[in-house]
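Residue numbers start from 1 in every chain, and the chains themselves are labelled A, B, ... in the order their sequence lines are given, proteins ahead of strands.
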Amino acid sequence: MSELERRYRRLLALYPRDHREQHGEEMIDVLVAAGGDRTRPGWKDVADLVWGAFRLHLRRMVAGGVEPRDVLAIVSLLGPIAVLAGATESLHELAWWVQAGALGGMPVWQQTPDAPMWVVWLAVAVLVVCRQRVAAAVGAWAGTIGLVLVATVSERSWSWAYADSGWVLLGALTAVALTLSPGPVRGRELAGRAPVLVLGAAVVVAVAIGVLGYRETVAEAACLVVLVVGAVVAAGAGSRAGRRAALVLLVPVMTTMIEALLATIDAFRPNDTVTALLFYGPPLVVLLALGGLLPRGVARRPDEPLT
Amino acid sequence: MTDTLREPTFLILTALAARPQHGYGILRDVEEISSGRVRLRAGTLYTALDRMSSDGWVAIDREEVVDGRLRRYYRLTDLGAARLATEVERMRANTRAAEQRLRARPIGGTA
């Protein structure tokens, strides 16, 4: 292998894996043939290859070729685990009362009204791992409706419309996935390596950071980063279905960002309905636009498997 | 309404119109068709082929191994040919209009 070819191969490593597998060797052939007597790629070739790799990665991120049922199958496996990160606030309250040595006097209904729902979601996660899909689906619907009801009737009335919107939305999508998709068994085939373990670890770390660094900007940002990395790795960054499933799992991150954005606007106090639209609308639009829930792009004909 | 084809796309489709070609052949043919004005590079070519195959405009015709290397030939599909024909007609209409306007232009023009 010539030095020129070796350098071109290094550049081709930037391309999406499926593209490399399909076109890598012929691209090397073309590049070496066009390279003539050179020993290293010219800067125009380097720029052209880097730009091409970027465009193909971008295209794969936002365009077609994904079966929505596969995306939902991964969500059905990982959604119940991701939802558990929503228990951070309740766990912080619990930790505070434990630290104060006054756990027995804690007004549960006031401080952690949603605690029973997180127990339900923990049960759903266990049921999914134990392959009890039907029971898990029932639990997921109960957990989602419960989150809304608890938020509505407790002192945190309407929090489902903003602070809890991400968890309610993710819970609902998980319930849909458990009900309609091929299920967690199929999800396990499609997701990344040890998906339950990876996302479970990420959620534990994120919750721990959130509890210890409650309402501290750096800690909150660290929580989001851990959840993003955990969701992407667990769902499978190497597959289109995995990336789209990760997008669904990151709905609470989206709503957190919306909350942070709206907090920067002074004197912006929309009513509850507008608030709900602002928190639920954009994540759903993003999921639909980027193919998290529906396929995008032109379907490839089976006899033309070019990429 | 159909979007206008970008020049590299137009030239690649043109290169494949008469016969299937492999990647390096397309690069050289594009240069020849454009009288040396357009010199595509591999990154641009394969990004374009990826998109055109998604759109159903080109397809793999056959594969050969030459000197131990894979050589893949691409062909224009009927859909691709129709898209190229549409673009040619659009350009022809523009050219006709430009010719008519130029003929109508007063000799010497205006100051």
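Other residues, nucleotides and ligands contribute at most 12 non-hydrogen atoms within 6.0 Å of the CZ atom of B:R28. The local environment of CD in B:E32 is sparse, with at most 12 non-hydrogen atoms from other residues, nucleotides or ligands closer than 6.0 Å. Applying the 6.0 Å contact sphere to CZ of A:R38 captures more than 12 heavy atoms from other residues, nucleotides or ligands. No more than 12 heavy atoms of other residues, nucleotides or ligands sit less than 6.0 Å from atom CZ of B:R39. B:D78 CG: 12 or fewer foreign heavy atoms inside a 6.0 Å radius.
The shortest side-chain heavy-atom distance between A:E25 and B:R71 does not fall under the 4.5 Å cut-off. For the pair A:E26/B:Y74, a side-chain contact is recorded, criterion being any heavy-atom separation below 4.5 Å from C-beta on. Inter-residue side-chain proximity for A:V30 and B:Y46 is flagged as met; some heavy-atom pair is nearer than 4.5 Å.
Ranking B:T44, B:V66, B:L45 against chain A, the residue ahead of the rest is B:T44, based on heavy-atom pairs under 4.5 Å.
Between the CG atom of A:D18 and the CG atom of B:D50 there is a distance of 8.0 Å, given to the nearest 0.5 Å. Note that the CZ atom of B:R51 and the CG atom of A:L56 stand 10.5 Å from one another [nearest 0.5 Å]. In this structure, B:I60 CD1 and A:Q22 CD are separated by 5.0 Å, a value rounded to the nearest 0.5 Å.
Residues passing the side-chain hydrogen bond (donor to acceptor under 3.5 Å, both in side chains) test with B:R92, sequence neighbours excluded: B:E89. For the ring-ring contact (aromatic ring centres under 6.0 Å, His included) test, no residue two or more places apart in sequence or in another chain qualifies with B:F10. With sequence neighbours excluded, no residue forms a side-chain hydrogen bond (donor to acceptor under 3.5 Å, both in side chains) with A:R20.
Using a 4.5 Å heavy-atom cut-off against chain A, the contacting residues of residues 15-26 of chain B are B:G23, B:Y24.
Contact record, B:T47 with A:G52: OG1-CA, 3.4 Å, taken as the closest heavy-atom pair.
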